[in-house]
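Before any comments, here is the structure.
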Amino acid sequence: MPRANDEAAAALDEYAELFALTGGDAFRVRSYQKAAKAIRGYARDISTAPVRDVPGVGQAIATKVTEFMERGSFRQLDELRQQVPDGVRRLTRIPGLGPKTAVMLFEEYGVDSPPALAEAIRSGRLDRAKGLGEKTRTNLLKGIDELAEVQGQVHIGIAMGVAEEVIDSLREHVERIDYAGSLRRMKDHIGDVDILAVADPSVMAVFRDQHYVAEVLVSGEKKTSVRTVEGLQLDLRLVPAESWGAAMQYFTGSKEHNVELREMAVKKGWKLSEYGLFSGDTVLAAADEAEIYSRLGLQYVPPPLREGSGEVAAARREELPTVIEREDLRGDLHSHTDLTDGVASLSDMVARAAELGYSYFAVTDHAPDLVMQRMTLEKARAQRDQLRELQADHPKLRLLHGTELNIDADGGVDWPAEILDEFDVCVASVHSHFNQDRDAMTRRFIAACENPNVNIIGHPTTRKIGKRGPVDADWEAVFQAAARTGTAMEIDSYPDRSDLPVDLVRLARHHGVRFSIDSDAHAVPHLDFQRFGVGLAQRAWLTTDDVINTWPWQRLKKFLAKGG
DNA sequence: GCCGTTTTCGGCCCGACTGTTTTCAGTCG
């Protein structure tokens with residue numbers, strides 16, 4: 001996705017937030033947010049394409065974006081940044097705390113950060129604050145804890161975008177360049193990004209001058225560390241060309257994986273470092289990463305498996321699974337259009353799915369329970385008719401008409417069975433009542449699994465990386481129900497969701513659950529998010545047999561029938 | 001601020017939940 005779009009969208013989102021905090025008109029706030037969302041999901045790069053063409057962008061926003069592209073900000077944003085203390089914005093990051101309360105806390109109590117709020121609540125200073133009863137204060141403390149847990153890391157979507165931007169910006173100055181570290185291992189939370197390059201040290205000056213660099217932390221001939229405007233730490237290391245493979249191996253990690261490899265080398269009387277695999281002064285392997293593994297007598301271990309969790313022993317016995325690859329996916333079973341909260345038309349989404357070479361593709365817009373999406377049965381059926389018409393243009397792509405149902409507090413869904421029978425595939429997801437206790441939440445999920453029309457539980461934990469923690473459920477019980485009923489668990493590839501998380505994927509697989517790796521796309525470029533879901537699945541050692549949307553249509557069709 | 005088989009003004013995604021209130025404000029999806 002074009003980085004310029006993300007940056008302009010982030011600026012508009014910030015402006016919307018500041019505008020709301022200063023008591024601005026709610027409809028204008030929504031306009032800024034809507035434009036931000038549309039720009040972020042726009043398929044073309046707005047640094048070259050006219051931003052006025054983006055739906056939801058009129059003259060006023062276009063002017064702001066144009067100024068932003070020229071100098072990294074716009075006048076009205078600068079003014080509001082002056083007006084609103086950072087502390088007030090920090091407070092609104094806390095789940096359950098909106099602009100009104102944030103302003104009140106700052107103005108009346110001088111509270112300007114989540115830790116300051118926690119302190120104020122614990123000290124009893126807010127016991128008489130209006131609108132903040134005991135329950136609210138308890139919930140806010142919980143929200144502050146959730147926020148603290150996820151701070152200092154970004155999700156893989158942001159980190160990957162930064163890494164690719166860095167590589168693009170330096171490519172003409174280097175002989176070779178790639179990213180390593182936890183990003184190459186496809187972790188869903190990334191603390192810093194490691195980039196390796198073969199280049200002349202003069203590239204460091206070029207790097208320091210890039211527009212994404214907010215602060216230079218250290219800079220030498222071999223290593224430069226900077227902080228980006230997103231707050232992400234970025235390390236660029238120069239390595240000798242002849243040690244490229246060893247350096248990639250070493251800096252990809254994980255630490256635990258590397259310790260096991262070095263121990264193996266030592267037992268053979270060798271030495272493994274970031275410069276190569278050596279026997280005395282003789283180089284056994286160094287330039288090529290795969291050769292290091294083979295000289296150690298190991299199968300090649302794909303980076304997402306390198307966690308020191310048994311992969312080295314398995315590689316020694318030649319028992320590593322053939323993990324799923326992006327090319328194994330035959331389709332996508334969860335996507336949205338502008339009929340509900342997506343930003344692209346049905347035909348545009350379908351056209352991109354066809355380009356991706358899929359055998360099948362499901363459109364799953366929201367059902368009526370999410371009232372704000374204004375879905376009706378008539379609209380859903382009209383969309384189905386439109387999809388059937390589009391089918392004629394795409395003989396190789398089977399178009400499936402699905403829906404994303406809302407699982408209500410008791411485990412019920414939006415439509416009765418006779419209506420659900422009309423759909424080819426039903427995803428069912430939790431969108432509210434996140435704070436239910438474990439028993440209620442578990443019953444809720446099990447009821448959804450037992451619904452004969454529900455095929456896939458969408459983004460099961462509902463976590464949003466950096467924003468909201470997972471719901472609490474007895475996952476073993478849920479997974480047993482899913483396996484028993486033939487209900488798949490989704491691996492939602494939307495990078496801030498990355499949901500199921502990898503440890504739960506492993507647990508679910510242990511119980512015999514199948515998975516669907518979906519994009520949950522709300523825009524055309526989002527269809528490519530599946531690469532993140534595949535990375536997550538690789539980390540859990542999933543094979544094509546575990547993932548229903550790698551299956552040929554006839555096999556998938558049987559699964560979707562849930563034995564009925 | 002955007003948009004127009006409602007076209008240059010007057011709408012704009014609407015309802016539920018929570019905790020606080022004593023009739024409702026704030027937040028969320």
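Chain naming here is simple, since letters A, B, ... match the order of the sequence lines and numbering starts at 1 in each. Side chains are part of it too, since the values below use all heavy atoms of this structure and drop only hydrogens, waters and symmetry mates.
Using a 4.0 Å cut-off, no side-chain N or O of R468(A) falls inside it from OP1 or OP2 of dC28(B). Look at T101(A) and you'll find a side-chain N or O under 4.0 angstrom from OP1 or OP2 of dT27(B). Contact between the side-chain N/O atoms of K130(A) and the OP1/OP2 oxygens of dA25(B) is not found at any separation under 4.0 Å.
With sequence neighbours left out, the side-chain contact (heavy atoms from CB on, under 4.5 Å) criterion links R381(A) to L377(A), R384(A), I419(A), E422(A). Taking the salt bridge (charged side-chain N to carboxylate O under 4.0 Å, His left out) definition, one finds that R89(A) meets it with E14(A), E17(A), sequence neighbours left out.
Rounded to a whole Å, the CG atom of L132(A) is 8 Å from the P atom of dT20(B). In this structure, CD1 of I61(A) is placed 7 Å from C1' of dC2(B), rounded to the nearest angstrom. M375(A) places its CE atom 16 Å from the C1' atom of dG29(B), with the value rounded to the nearest Å. Distance, N406(A) CG to dC13(B) C1': 15 Å, rounded to whole Å. Atom NZ of K100(A) and atom P of dC28(B) are 12 Å apart (whole Å). Computed from coordinates, the D25(A) CG to dC12(B) C1' distance equals 10 Å when rounded to whole Å. The separation between L91(A) atom CG and dT27(B) atom P is 11 Å, rounded to whole Å. Put simply, CG on N435(A) is 14 Å from C1' on dG29(B), counting in whole angstrom units.
For G96(A) and G131(A), each mapped to the nucleotide of DNA chain B holding its nearest heavy atom, the one lying further toward the 5' end belongs to G131(A).
A salt bridge links R352(A) with D528(A): the closest approach of a Lys/Arg side-chain nitrogen to an acidic carboxylate oxygen falls below 4.0 angstrom. Salt bridge absent: R531(A) and D332(A) never bring a charged side-chain N and a carboxylate O closer than 4.0 Å.
Scanning all heavy atoms of the two residues, the minimum distance from L504(A) to F479(A) falls at O-CE1, 3.5 Å.
Screening D410(A), V430(A), D408(A) for a side chain to side chain contact (heavy atoms under 4.5 Å, CB included) involving R444(A) leaves a single residue, V430(A). Just one of R539(A), R463(A), R506(A) meets the side chain to side chain contact (heavy atoms under 4.5 Å, CB included) condition when paired with P501(A); it is R463(A).
Residue F434(A) is in sugar-phosphate contact alone, with no base atom involved, counting any heavy-atom pair closer than 4.0 Å across all strands shown.
Across the C1' atoms, dC3(B) and dT8(B) are found 10 Å apart, a figure rounded to whole Å.
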Collect all protein-nucleotide pairs involving nucleotides 14-18 of chain B in which both atoms are nitrogen or oxygen and the distance is under 3.5 Å.
from	atom 1	to	atom 2	distance (Å)
dC14(B)	OP1	R374(A)	NH2	2.3

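Across every strand in view, dT8(B) sits unpaired, with no contact that passes the Watson-Crick or G-U test at under 3.5 angstrom.
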